[in-house]
Amino acid sequence: MNTDTLIPKNFNKLLIANRGEIAMRILRACHELGIRTVAIFSDADRNAMHVRQAHEAYYIGPPPARDSYLLIDKIIEVAKQSGAEAVHPGYGFLAERAEFAQACLDAGLVFVGPPVNAIRVMGDKQTARQTVKAAGVPIVPGTEPGLDDAALIQAAEDIGYPLLVKASAGGGGKGMRPVHKSADLADSIAAARREAMAAFGDDTVYLEKMLVGARHIEIQLLADMDGNIIHLGERECSLQRRHQKLIEESPSYVVDEKLRQQMGEVAVAAARAVDYVNAGTIEFLVDRDKNFYFLEMNTRLQVEHPVTELVTGIDIVQEQLRISRGRRLRINQADVKMSGWAIECRINAEDPYNNYLPSTGQITASRLPTGPGVRVDTGVFPGYEVTPYYDSMLSKLVCYGETRSEAVLRMRRALEEYRIMGVKTNIPFHQHMMDSHRFLTGQFDTSFVEERFSMDEREAPHQLDAAILATLVAHQQGQKASQIVAPGDRDTSNWKWLGRWERLQK
Amino acid sequence: MNTDTLIPKNFNKLLIANRGEIAMRILRACHELGIRTVAIFSDADRNAMHVRQAHEAYYIGPPPARDSYLLIDKIIEVAKQSGAEAVHPGYGFLAERAEFAQACLDAGLVFVGPPVNAIRVMGDKQTARQTVKAAGVPIVPGTEPGLDDAALIQAAEDIGYPLLVKASAGGGGKGMRPVHKSADLADSIAAARREAMAAFGDDTVYLEKMLVGARHIEIQLLADMDGNIIHLGERECSLQRRHQKLIEESPSYVVDEKLRQQMGEVAVAAARAVDYVNAGTIEFLVDRDKNFYFLEMNTRLQVEHPVTELVTGIDIVQEQLRISRGRRLRINQADVKMSGWAIECRINAEDPYNNYLPSTGQITASRLPTGPGVRVDTGVFPGYEVTPYYDSMLSKLVCYGETRSEAVLRMRRALEEYRIMGVKTNIPFHQHMMDSHRFLTGQFDTSFVEERFSMDEREAPHQLDAAILATLVAHQQGQKASQIVAPGDRDTSNWKWLGRWERLQK
Amino acid sequence: MKYFTTVGDQQYTIEIDHDNKILVNGERYDIDFQPSPEGSVYSLLLNNRSLEGLVEEREDTWEVLIRGELYEVQVQDERAFRLAKARGTVATVSGDVNIISPMPGIIVAVPVSEGEHVSKGDKVIILESMKMENELRAPRDGVVRRVFVQAGAGVEKNQTLVLIGDPDAQGEESDEA
Amino acid sequence: MKYFTTVGDQQYTIEIDHDNKILVNGERYDIDFQPSPEGSVYSLLLNNRSLEGLVEEREDTWEVLIRGELYEVQVQDERAFRLAKARGTVATVSGDVNIISPMPGIIVAVPVSEGEHVSKGDKVIILESMKMENELRAPRDGVVRRVFVQAGAGVEKNQTLVLIGDPDAQGEESDEA
């Protein structure tokens, strides 16, 4: 096996090479396993939750990621300085950079992730396609590697429209452009190259047929160093906007036990083709006839891993840490049981009523929903500043139910309870989706959000109530203000400090 | 069947005859099922979370429960005024008062609970013992009903010491006194009678043998109106102080599949003996040889129901509502699967370092732990006033793990994350317990907390850190104060409002 | 006191006369209004119906968050309402519109040029921020009067990027609209 | 500035000289100390070790909550420390002790009477509150000098219930101890 780049070691201190909710997620798993944590932070994150809750924290640079969270040498230096024995990259940033995994190994640090070679092969989308195709995995029709613009435009005629321009180094929808007619192709290739260069420093792109009406369904894998690979069933992530996932669920409405088994076996074969170790995900497109095609492999933890955790009861991040410590998987495929249903809504700082424009500013209030069947993963708190430097996801709201409809009803309840103020959020988008007949009946594909879902139809139901509340507050503040003229009236300055005022009312 | 006192009806509006975390728990279940909620509140609770989140709220009287939450006529009147069609009593207050269930029925309201007769029979602990004994259920040796002090003192000689004086109408440890030698018996009977009279308006007491080294293990039941009764496995609640449960878990360390089945069958038989309907719990004592004895039946939702929800995936409160709507149970005994392990810590406002004295005051900060496998049920928020009128439980912190040790490790993590300030809490007690070797190895019984667990051994590990933090804050506030003399320096008043200050630093 | 309160296209007349009563468009309600000790949370019992909302003032607008939805509310007392009416500034929708940057970022492209006619929904600016290209679109039909930025420029939050004028108005007089 | 800081039976000397350095019992540490926008939360990096605590001042004591544990901390600057030392009020443990009510409630029983000797841990008051009977116990050996309440009385929070004096001191002079 080509896993000689992994050093199993029973590490007790780990550096988290990330920020935000995923840094908190990793930190919690570490603390639960008795592993001490080392956080890193940019100037924008001195007050971040992961910095305050880690055992140690080191400053690494200015807010832009290229000056801090993407600095491989600096992060390795901090790891050595702090005495960390392992590094968890989270997702995004350096998670799928083979050179970072290599740098960890060179420094004698355990990289909590797959072997360097697996990252490298799967990181280049075109090489990945060739590799899994050779292992018998069905792939979406598309171009061969290394074509220039002219050759791509030529090849597009054979593939046919609609098609996708995709960055070879891409991921998370960056450097990806749908093209519906040949007239738009050249512009889209240019845009994709520009975005790919900015995001990944590599502007190689390729074309892939766009499967109309297809659903995005992925298989979660766990693989240990002894070559045991199991899958934890599927997640459906079809609800996307501009290739950014918004809502994920497990299981999928359209996957039955037989299809799950087939997709699981193919996913395991794809992973085996690169001698995969640790947690990873094979993304598939599933067409209306339930044919499925390999899309790409994510050689890291996924944002949406919690839905799988809720239906299988398995803690994927703890499993990652165990695997990297050299332990064999404790369970085999037959032990994996899915029960109930879990849905995740990504709560983003963006305005669903205004073309989903990102929203920045200080969070003035944040109260998380809680109670039965609700999980929130977040790094946000009252006073947190949403900056333009990092992505707009504030939290992941995950709900569990015995059935899909119970999970949906619980999600509605949790969305109503969730309060974030100071920036606009996409909570109304999720509320509208949870009310949507097509969502409830599972009738959607990857184009649903962009093409057949509109917030214009939504009637925000509390206009009168909002008017009354605002008027009462304005009235009360006006009354307060008019009292300020009275000298020595100390209470006016305590307007927001209700304790005293309230007592006067009683 | 004697369930003619239950009216099945597909109600759509429900009055919650309770407050605090359990009112929130019921409210959430209702909202998830599309049932509108009516809250009631005393003067102490105008700002309570259940009042603010319910669809409607009605004032019912002054803070003492006897003037508000125990006023049967007033509550029925509010139910009728609001158009509520059903009433959920929660636990405590009126939950086990047969006359309240009867009053609901008389007013044409669905009582979300068992038939009046079942409450009445099980509510009198002595009648309950006779009834289940007749159904073949083993009971703890004790006195017959209706003895006076002299007869009780006489009977004690036969039973032997140690023994318990228990209020016939009791529950939750109220009106209960352990007696270790005959010299203390008369005083203990007097104290138990006094407490029972104050709490239940009935000073009947009886004696029961105290089983040394026994564990408190209870079986959760669900029963529908068609006579289907299933059990959801056991909960172990041995960790108690003065008969108040502090930590509960499911499954129990000492119950194997065979014992679970036996206890489950006996529990179902006990429930059947009173034609039980809805959720209920049979409490048992289990001795060192795994003999089990009926202790009492709680004819209501239990505080500790969440641990069962986490290991079975079943939402017990939603099941209660479905049953009361006349639905058949959706599952049978074979469908009930327990998987993983759940532990609940009751977070109380009390000082574990000072004889667990209750602590009152305003909550100045409350941040709940979150992330994977953590559930918090609470009605507390920053600004909440802990009053002496109601019990001292602030919240229930419940953690799930694939194994018991994973649940314990997660609980440690969650307890560290939990921040409540303004009152003292028993979080250090729970932390100390989670570190205790005997707890970790399951070596405990109902006397463990009181007799073999001491907080004196605990070394609070952060004294130096606390000293440094306090000194830095004091220093900074002193510096600020000395700057106030500078006229026109507006920022000093914004000391706590970091936003601006922080920006200056950048 | 009498207030004229606007939410979206709805306007309400709200009179607050006594402590425990209000009139909404003439209809009387019992109220029990309580700020909560939790920051900007307010609780209102309106004929026993329980409403909870977060209310914050932001640039002369009241933002109200109720059950996940954010409402922007204008509250004017009688005097302010009459003054505004006299000035004709109640609910303006015509005139010039500035396209402003909703966040700091870098201008990727400006697909329009000065003098060009645009329709509602046309792309006017492509702004890179939060690792995404974001499209700013024309809020209504009009003519591009000014373009203040060019591709590659860094911009601050709330910076004016493009001015779109009324297609019928004359160029330089649009300030008075 | 130099501070004398006491937590339980530990005393520390803490010197804050520069913005980014402190001396604790003579040992030097790099610090990065930040109040958080979240209420009374403070974050400290102490030679890169991350400490988070809630710090609140309550009746001349600093309450510090760290990882679930609440610490009561006394902070005195040099002047206050010397004054206190001169007055002899640093860390007193002898003298009279008042048993005060930790919460409002009703006195169920007073198992002691004036003049009676009590040992540390003896029940002194039984107070009903929060639906439970709570036992207040003697914090040390002594003599009951005064009983201010009787069974059945309602009491407020912080009300003095019983005065326990030094067993060796003379009765009426104990006020000076």
Side-chain angles (χ1 to χ4, degrees), chain A residues 65 174 191 194-195 198-199 242 244 349-351 354-361 364-365 367 382 387-392 415-422 424-425 427-428 430-431 460-479 496 498-499 501-502 505, chain C residues 1 3 5-8 10-12 14 16 22 24 29 31 33-42 44 46 49 51-58 61-77 102-105 108 127-137 157:
Chain A
K174 275 155 214 145
R194 198 167 54 222
E195 224 172 279
R242 296 171 62 187
Q244 295 284 349
E350 59 187 27
D351 185 356
N354 185 15
N355 202 28
Y356 301 89
L357 269 184
S359 178
T360 56
T364 51
R367 196 182 69 189
T387 70
Y389 301 114
Y390 312 114
D391 74 40
S392 63
L415 288 165
E416 285 200 353
E417 273 188 26
Y418 205 154
R419 294 167 177 167
I420 306 183
M421 197 102 173
K424 295 205 164 70
T425 78
I427 286 175
H430 291 299
Q431 292 182 310
H462 311 290
Q463 292 189 326
L464 173 62
D465 296 348
I468 295 172
L469 275 177
T471 306
L472 285 166
V473 175
H475 175 73
Q476 207 167 46
Q477 297 210 353
Q479 300 288 99
K496 287 203 169 186
L498 197 70
W501 185 81
E502 214 192 334
Q505 304 263 308
Chain C
M1 294 265 300
Y3 295 89
T5 302
T6 312
V7 190
Q10 298 289 314
Q11 192 174 73
Y12 306 93
I14 298 174
I16 305 175
I22 57 169
V24 180
Y29 293 89
I31 60 163
F33 177 61
Q34 295 280 341
S36 148
E38 268 186 285
S40 44
V41 178
Y42 295 85
L44 172 64
L46 189 73
R49 191 161 67 84
L51 305 178
E52 185 191 35
L54 273 78
V55 184
E56 294 183 0
E57 195 171 8
R58 203 159 279 135
T61 293
W62 294 93
E63 290 192 356
V64 182
L65 183 76
I66 301 180
R67 294 185 190 266
E69 288 278 358
L70 189 72
Y71 300 86
E72 298 192 344
V73 185
Q74 307 293 333
V75 182
Q76 293 179 305
D77 63 20
M103 69 214 115
V108 175
L127 174 71
E128 195 196 317
S129 188
M130 292 173 118
K131 318 189 89 181
M132 290 287 287
E133 290 191 1
N134 304 288
E135 293 156 354
L136 307 187
R137 292 159 183 271
K157 187 172 179 171

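Just so we're on the same page: letters track the sequence lines, and every chain starts at 1.
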Heavy-atom pairs under 4.5 Å with chain C are the metric here; pick the option from A:H430, A:R367, A:E417 that has the most.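 When all of A:H430, A:R367, A:E417 are compared, A:R367 has the most.
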
Are any of the side-chain nitrogens in A:R242 or C:E135 under 4.0 Å away from the carboxylate oxygens of its partner?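 Not counted as a salt bridge, because no side-chain N and carboxylate O are separated by less than 4.0 Å.
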
So which of [options] has the largest heavy-atom pair count under 4.5 angstrom toward chain A?
options	value
C:L70, C:I16, C:T5	C:I16
C:V55, C:T6, C:L54	C:L54
C:E38, C:E52, C:E57	C:E52
C:E63, C:Q10, C:K157	C:K157

Segment of [X] engaging chain A (4.5 angstrom heavy-atom cut-off):
X	result
C:V7	both
C:E69	both
C:L127	neither
C:Q74	neither

Keeping the roles fixed (side chain from A:T364, backbone from A:M421), state whether a donor-acceptor pair exists under 3.5 Å.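 Here the side-chain-to-backbone pair exists.
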
Is a side-chain donor or acceptor of C:Y71 paired with a backbone partner of A:H462 at a separation under 3.5 angstrom?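 Answer holds: yes.
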
For [X], is it the side chain, the backbone, both, or neither that has a heavy atom closer than 4.5 Å to a heavy atom of chain C?
X	value
A:T425	neither
A:P461	both
A:I420	backbone
A:L415	backbone
A:N355	side chain

Pairing donors with acceptors under 3.5 angstrom, does anything connect the side chains of C:T61 and C:E72?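 No pair is found: no donor N or O on one side chain lies under 3.5 Å from an acceptor on the other.
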
Any side-chain heavy atom of C:F33 within less than 4.5 Å of one from A:V473?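 The answer is yes, as the side chains (C-beta and beyond) meet within the 4.5 Å cut-off.
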
